[in-house]
Amino acid sequence: MTPPGQMLNPRPFPKDAAMNLFTDIRSLVLDALTAMQAAGALPTEGIGFDNVTVEPPRDAAHGDMATNAAMVLAKPAKMKPRDIAEALVAHLLEDDRITEAEVAGPGFVNLRLAPSVYQALVGTVLAAGPDYGKSAVGQGKTANVEYVSANPTGPLHVGHCRGAVFGDALAGLMAYAGYDVTREYWVNDGGAQVDVLARSAYERYREANGQAPKIEAGLYPGDYLIPVGEALKERFGDSLMDKPESEWLVQIREIATTMMMEEIRSDLALLGVKMDVFTSEKSYYDSGKIEKTLEELKGLGLLYNGTLPPPKGKAPDEDWEPREQLLFKSTDYGDDVDRPVQKSDGGWTYFAPDLAYHYDKVKRGFDVIIDVFGADHGGYVKRMKAIVAALADEKVVFDIKLTQLVKLFKNGEPFKMSKRAGTFITLRDVIEQVGPDVTRFVMLTRRNDAPLDFDFDKVLEQSRENPVFYVQYASARVASVMRKATEAGLDMSDAALAKADLGRLDHEAELKVIAKLAEWPRLVEIAARTHEPHRIAFYLNELAADFHGLWNRGNEVPSLRFVQEGDEATSQAKMALARAVSVVISAGLGILGVEPAQEM
RNA sequence: GCACCCAUAGCUCAGCUGGAUAGAGUGUCGCCCUCCGAAGGCGAAGGUCGUAGGUUCGAAUCCUACUGGGUGCGCCA
């Protein structure tokens with residue numbers, strides 16, 4: 001038997017694409033096109049191959065892969081698509097890896113690959129392990145993903161949860177695609193809301209000292225500040241009682257925000273989220289960074305004094321009056337209005353630190369900067385993009401991802417959140433009820449910009465409908481069959497599987513699963529390019545479906561069962577495939593921050 | 001009033017830098033355990049991709065207008 005590595009045509013694959021079958025075949029197509037040019041069958045002038053793609057066909061009946069080369073090149077080459085396609089087919093058929101090539105439809109070239117190509121891929125997956133599918137697209141580049149960034153005025157709730165999961169999975173995805181990723185949290189500890197926090201905490205402090213707290217409207221009423229009040233009592237005794245705000249505000253604000261951030265960090269830890277950098281808004285105020293930034297912007301001519309038109313369509317009777325303010329020229333960079341940076345009392349608007357912060361991120365030299373906001377902050381996208389457009393050169397990729405709302409359900413019934421009624425669902429509540437793995441996976445079973453229904457009962461259901469379970473079940477089955485094979489006395493060690501005779505994987509049901517594995521590196525690239533980690537979750541569901549399908553075929557076709565009693569060589573080949581499936585599932589779940597299951 | 005997001009099978013949703021006869025799950029109907037985990041699988045039926053135009057070899061995908069739903073709109077972050 002030929003070892004798997006030598007079953008291929010000896011022509012080497014390009015190094016940077018050695019694991020992606022689609023780019024391998026694409027380069028094969030490009031080689032063929034180049035050969036056609038050399039032979040005079042295709043013009044050289046004005047012909048570029050950038051738009052040539054090799055993709056899985058929508059319908060498997062069309063083959064394993066399809067290329068649009070003939071259609072894309074027809075116009076610049078001034079040739080008929082079919083003529084190019086037919087010449088291309090002739091060239092491609094010379095390669096051992098291509099068993100069939102035919103022209104179809106308007107000029108597609110459909111390809112069928114030799115089984116040996118797929119069989120060898122199993123070996124590639126096992127050899128690469130968790131690295132199979134890692135991409136070079138982000139190699140040598142840096143990315144900054146800012147997410148959560150909840151105000152430090154209370155514990156995280158379910159809305160933050162989705163942003164946290166999405167942002168973290170996106171960061172994991174970018175890392176898998178080769179980027180050096182910084183996970184960052186912007187701490188809004190510098191504005192009026194932390195003064196409100198301090199006042200609210202002060203009331204709890206009074207409460208701890210035996211006084212009835214006066215939680216007026218506008219203060220934070222949550223019980224979570226009671227421990228803060230107690231901590232303040234421990235620290236200050238009754239020395240701050242009945243003192244004017246000026247004597248305690250700064251101190252209490254500092255202590256309260258620190259305690260809230262500790263709580264937020266521990267909430268995030270429950271979810272498995274660990275930030276690399278927490279950037280403090282307050283530090284921007286304290287260090288003069290805002291003034292410095294604004295000075296620079298003035299130098300660039302991006303700030304001016306002016307008056308904004310009144311907002312339209314709001315309540316007609318409001319106390320709006322024209323006022324001259326210091327404005328940022330964001331309309332020059334795609335925003336709808338220029339944004340004020342200074343309030344009438346001379347203080348900075350919230351926009352000023354945003355401006356300085358994003359300028360800072362740009363200056364730190366990231367190749368990719370991504371902000372993850374809740375959908376209720378959709379109105380800020382244009383102004384943020386204006387900042388980066390004004391301050392960064394065009395090489396910086398800046399993207400803002402919005403996460404839509406999460407609607408909670410319990411047994412199919414909508415679950416209304418209300419702070420007053422005490423049915424306020426925190427992130428901690430969710431994790432404690434369903435666990436971090438389920439929470440994370442479910443949060444990624446929708447596109448980020450689609451609303452998500454989260455049913456506390458359904459997410460724990462063990463059925464086909466529940467993708468968390470379904471994917472976990474697949475990896476559990478692999479683990480289970482591995483145990484069984486080992487108990488049967490078969491050698492299922494990594495070393496044995498690495499040497500397995502993969503040529504025995506010749507059934508179309510097996511090749512179909514391998515073809516799905518072949519899509520993995522390509523999918524990772526697409527997901528990373530579009531900043532859409534949900535694609536990973538959907539892919540895993542598809543891979544699991546193909547695997548379960550193969551598994552069940554074994555019910556009718558005994559030769560498809562993974563364990564072939566008394567035939568170690570065949571068992572090893574089949575188990576190599578099962579292992580390859582579990583390797584990719586583990587890698588995918590790893591990106592999403594979910595643990596694969598060994599048993600259920 | 002303006003801006004952004006969304007509209008795909010009865011329901012919940014995928015759909016790649018624009019590709020061929022638009023896919024899953026669920027629900028309905030019919031099958032498959034002496035058999036590696038049936039917590040599963042196979043098959044059938046189900047669509048004017050919100051509407052109307054445009055761009056082109058080709059549009060669910062890009063552009064324009066409209067309809068319907070969500071979010072937001074100076075001195076709050």
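Keep in mind that the numbers below use all heavy atoms, side chains included, and drop hydrogens, waters and symmetry copies. Convention: sequence-line order gives letters A, B, ...; per-chain numbering from 1.
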Of all the nucleotides listed ([options]), which has the minimum atom distance to the side chain of [X]?
{"X": "A:Pro57", "options": "B:G41, B:G74, B:A20", "answer": "B:A20"}
{"X": "A:Lys484", "options": "B:G74, B:G19, B:C36", "answer": "B:C36"}
{"X": "A:Pro340", "options": "B:G15, B:G74, B:C16", "answer": "B:G74"}
{"X": "A:Val481", "options": "B:U12, B:C36, B:G74", "answer": "B:C36"}
{"X": "A:Asp376", "options": "B:G19, B:G74, B:G72", "answer": "B:G72"}
{"X": "A:Ile526", "options": "B:A38, B:A14, B:C16", "answer": "B:C16"}
{"X": "A:Arg447", "options": "B:C75, B:A7, B:A20", "answer": "B:A7"}

Taking the same atom, [atom1], in [N] and in [M], what whole-Å distance lies between them?
{"N": "B:C5", "M": "B:G47", "atom1": "C1'", "answer": "25 Å"}
{"N": "B:U64", "M": "B:C4", "atom1": "P", "answer": "9 Å"}
{"N": "B:U61", "M": "B:G23", "atom1": "C1'", "answer": "15 Å"}

Look up atom CG in A:Leu327 and atom CD in A:Gln342, then write down how far apart they are to the nearest 0.5 Å. 10.5 Å
On the nucleotide [N], are OP1 or OP2 found under 4.0 Å from the side-chain N or O atoms that [X] carries?
{"X": "A:Arg464", "N": "B:G41", "value": "yes"}
{"X": "A:Arg477", "N": "B:A38", "value": "yes"}
{"X": "A:Lys343", "N": "B:G74", "value": "no"}
{"X": "A:Thr349", "N": "B:C75", "value": "no"}
{"X": "A:Lys75", "N": "B:C57", "value": "yes"}

With a non-hydrogen cut-off below 4.0 angstrom, is [X] in contact with a base, only sugar-phosphate, or nothing?
{"X": "A:Asn110", "result": "base"}
{"X": "A:Ser463", "result": "sugar-phosphate"}
{"X": "A:Ala104", "result": "base"}
{"X": "A:Glu281", "result": "sugar-phosphate"}
{"X": "A:Ala450", "result": "sugar-phosphate"}
{"X": "A:Tyr470", "result": "sugar-phosphate"}
{"X": "A:His534", "result": "sugar-phosphate"}
{"X": "A:Thr53", "result": "base"}
{"X": "A:Val381", "result": "nothing"}

Contact letters for nucleotides 27-32 of chain B, in which S counts primed atoms plus P, OP1 and OP2 and B counts the base, heavy atoms under 4.0 Å: ------
Under 4.0 Å protein heavy-atom contact, by nucleotide of nucleotides 59-65 of chain B - B base, S sugar-phosphate only: -B-----
With side-chain hydrogen bond (donor to acceptor under 3.5 Å, both in side chains) as the test, would you mind laying out the steps for A:Arg477 and A:Tyr473 before giving the verdict? CA-CA 6 Å; A:Arg477 269 182 159 172; A:Tyr473 185 29; 3.2 Å; yes
To the nearest angstrom, how far is [X] atom [atom1] from [N] atom [atom2]?
{"X": "A:Lys458", "N": "B:C13", "atom1": "NZ", "atom2": "P", "answer": "11 Å"}
{"X": "A:Phe562", "N": "B:G40", "atom1": "CZ", "atom2": "C1'", "answer": "13 Å"}
{"X": "A:Ile536", "N": "B:G15", "atom1": "CD1", "atom2": "P", "answer": "12 Å"}
{"X": "A:Tyr473", "N": "B:G25", "atom1": "OH", "atom2": "P", "answer": "16 Å"}
{"X": "A:Asp338", "N": "B:C2", "atom1": "CG", "atom2": "P", "answer": "20 Å"}
{"X": "A:Leu444", "N": "B:C13", "atom1": "CG", "atom2": "C1'", "answer": "15 Å"}
{"X": "A:Asp336", "N": "B:G72", "atom1": "CG", "atom2": "C1'", "answer": "11 Å"}
{"X": "A:Asn448", "N": "B:A14", "atom1": "CG", "atom2": "C1'", "answer": "14 Å"}

Does the structure show A:His377 stacking with B:G72, if we require the centres to be closer than 5.5 Å and the planes to be within less than 30 degrees of parallel? no
Measure the distance between the ring centre of A:Trp551 and the centre of the six-membered base ring of B:G41, then answer whether it is under 5.5 Å with planes under 30°. no
Using the side-chain hydrogen bond (donor to acceptor under 3.5 Å, both in side chains) rule, take A:Thr257 and A:Glu254 through it: C-alpha gap first, then chi angles, then the decisive distance, then the call. CA-CA 5 Å; A:Thr257 52; A:Glu254 166 80 24; 5.3 Å; no
How are the rings of A:Tyr284 and A:Trp186 set relative to one another: parallel (under 30°), tilted (30 to 60°) or perpendicular (over 60°)? perpendicular
Tell whether A:Arg522 reaches the base of B:C16 with its side chain through a donor-acceptor pair below 3.5 angstrom. yes
Can a side-chain donor-acceptor contact be found between A:Asp371 and A:Tyr147 if the only test is distance below 3.5 angstrom? no
Check salt bridge (charged side-chain N to carboxylate O under 4.0 Å, His left out) between A:Glu281 and all other residues, then give those that pass, not counting sequence neighbours. none
